[in-house]
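Reckoned from all heavy atoms, side chains included, excluding hydrogens, waters and symmetry mates. Numbers restart at 1 for each chain; the letters A, B, ... are given by sequence-line order, proteins then strands.
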Number of protein chains: 2
Amino acid sequence: MARAATTTDAFNAVAEPRRRQILDLLVAGERSVTDLVEALGVVQPLVSKHLRVLREVGLVEVREEGRQRLYRLNGEPLKPIHDWVRQYERTWSSRFDALDDVLEELKQEEEDNGTGH
Amino acid sequence: MARAATTTDAFNAVAEPRRRQILDLLVAGERSVTDLVEALGVVQPLVSKHLRVLREVGLVEVREEGRQRLYRLNGEPLKPIHDWVRQYERTWSSRFDALDDVLEELKQEEEDNGTGH
DNA sequence: ACATTACATACCCATATGGGTATGAGTCAA
DNA sequence: TTGACTCATACCCATATGGGTATGTAATGT
């Protein structure tokens with residue numbers, strides 16, 4: 001077997017710097033492919049291929065408008081990464097004491113509860 | 001060019017599920033290679049190779065003791081991942097309003113300031 | 001001395017990557 | 001209709017992956 005496909009999950013998709021760059025650009029809002037090509041300074045087919053990977057893991061969505069395809073961000077597939085890496089936060093953050101833990105947990109519970117304010 | 005080496009950075013190293021699994025096991029504390037082999041249920045050379053990758057990106061450190069090598073976690077290389085993915089948190093967490101932002105920033109400043117309480 | 005244990009490394013293999021160029025398909029303008 | 005533009009796909013290539021088996025090298029045990 002070779003390495004897992006880049007389209008396996010967000011972990012693999014996001015391992016590529018160029019794809020993170022694309023997501024960083026899309027944070028600001030929708031962008032056409034040509035826009036991204038210009039911003040990244042690479043040939044168009046390459047951008048299209050990266051976008052395909054991001055699409056397949058659900059990190060971007062497309063909207064057709066004339067002959068343009070407008071790509072927009074969808075960060076939700078990043079949540080597993082965030083959740084996983086968050087377990088290790090105390091490892092590098094020496095100042096991560098009991099108070100912080102409580103605050104974190106409260107914040108987490110709030111989010112899990114959904115809309116309930 | 002092919003895909004970036006797994007030893008390029010933590011992003012690539014951690015894209016492999018088995019390597020995340022190893023880190024998850026090391027959170028509990030030091031482990032010998034044989035220990036990990038047993039826990040993972042794969043052949044020893046494969047574990048050694050994964051450990052090599054993790055070592056090269058600084059995610060684990062080794063300590064020799066007799067004929068055993070005890071591996072321990074070092075989470076710091078995960079910080080860039082955490083920092084990057086954190087920007088996107090508001091994307092999936094619909095309940096991430098202005099108050100949360102302020103709290104986040106305060107917390108971040110505190111951490112950046114280091115030990116100063 | 002010899003066997004055993006613990007680990008790393010050397011190979012071999014199939015796979016699919018990121019890069020590139022060339023081409024196809026759809027949309028719009030003259 | 002013809003041409004220009006936007007984008008996706010089809011290929012080709014070098015690379016190194018994750019998986020495996022076989023082998024080497026210390027350290028311990030007898």
Below the 4.0 Å mark, does dA8(D) have OP1 or OP2 next to a side-chain nitrogen or oxygen of Y71(A)? yes
d([atom1], [X]; [atom2], [N]) in whole Å:
X	N	atom1	atom2	answer
I22(B)	dC7(C)	CD1	P	13 Å
L51(B)	dA6(C)	CG	C1'	13 Å
R55(A)	dA8(D)	CZ	P	6 Å
R31(A)	dC7(D)	CZ	P	13 Å
L54(A)	dC7(D)	CG	P	16 Å

For nucleotides 17-30 of chain C, read 5' to 3', which letter fits each nucleotide if B means a protein heavy atom sits under 4.0 Å from the base, S means only the sugar-phosphate is that close, and - means neither? BBBBBB----BS--
R69(B) and L51(B): side-chain contact (heavy atoms from CB on, under 4.5 Å), yes or no, with the steps? CA-CA 11 Å; R69(B) 315 276 161 104; L51(B) 286 171; over 6 Å; no
Of E30(B), R55(B), R31(B), which is the lone residue that meets side chain to side chain donor-acceptor pair (under 3.5 Å) with Y71(B)? R55(B)
Identify which one of Q44(B), H50(B), R52(B) satisfies the side chain to side chain donor-acceptor pair (under 3.5 Å) criterion when paired with S48(B). Q44(B)
Residue that, paired with Q87(A), satisfies side chain to side chain contact (heavy atoms under 4.5 Å, CB included) out of L23(B), D24(B), V27(B): D24(B)
Could you tell me, to 10°, how much the axis swings from one end of the helix from dA1(C)-dT30(D) to dA30(C)-dT1(D) to the other, five pairs per end? 10°
Hydrophobic cluster identity match, [X] and [Y], side-chain contacts under 4.5 Å:
X	Y	result
W84(B)	L26(A)	yes
L73(A)	W92(B)	yes
V53(A)	L46(A)	no

For the residue pair N74(A) / Y88(B), report whether a side-chain donor-acceptor contact shorter than 3.5 Å exists.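 No, no side-chain donor-acceptor contact under 3.5 Å.
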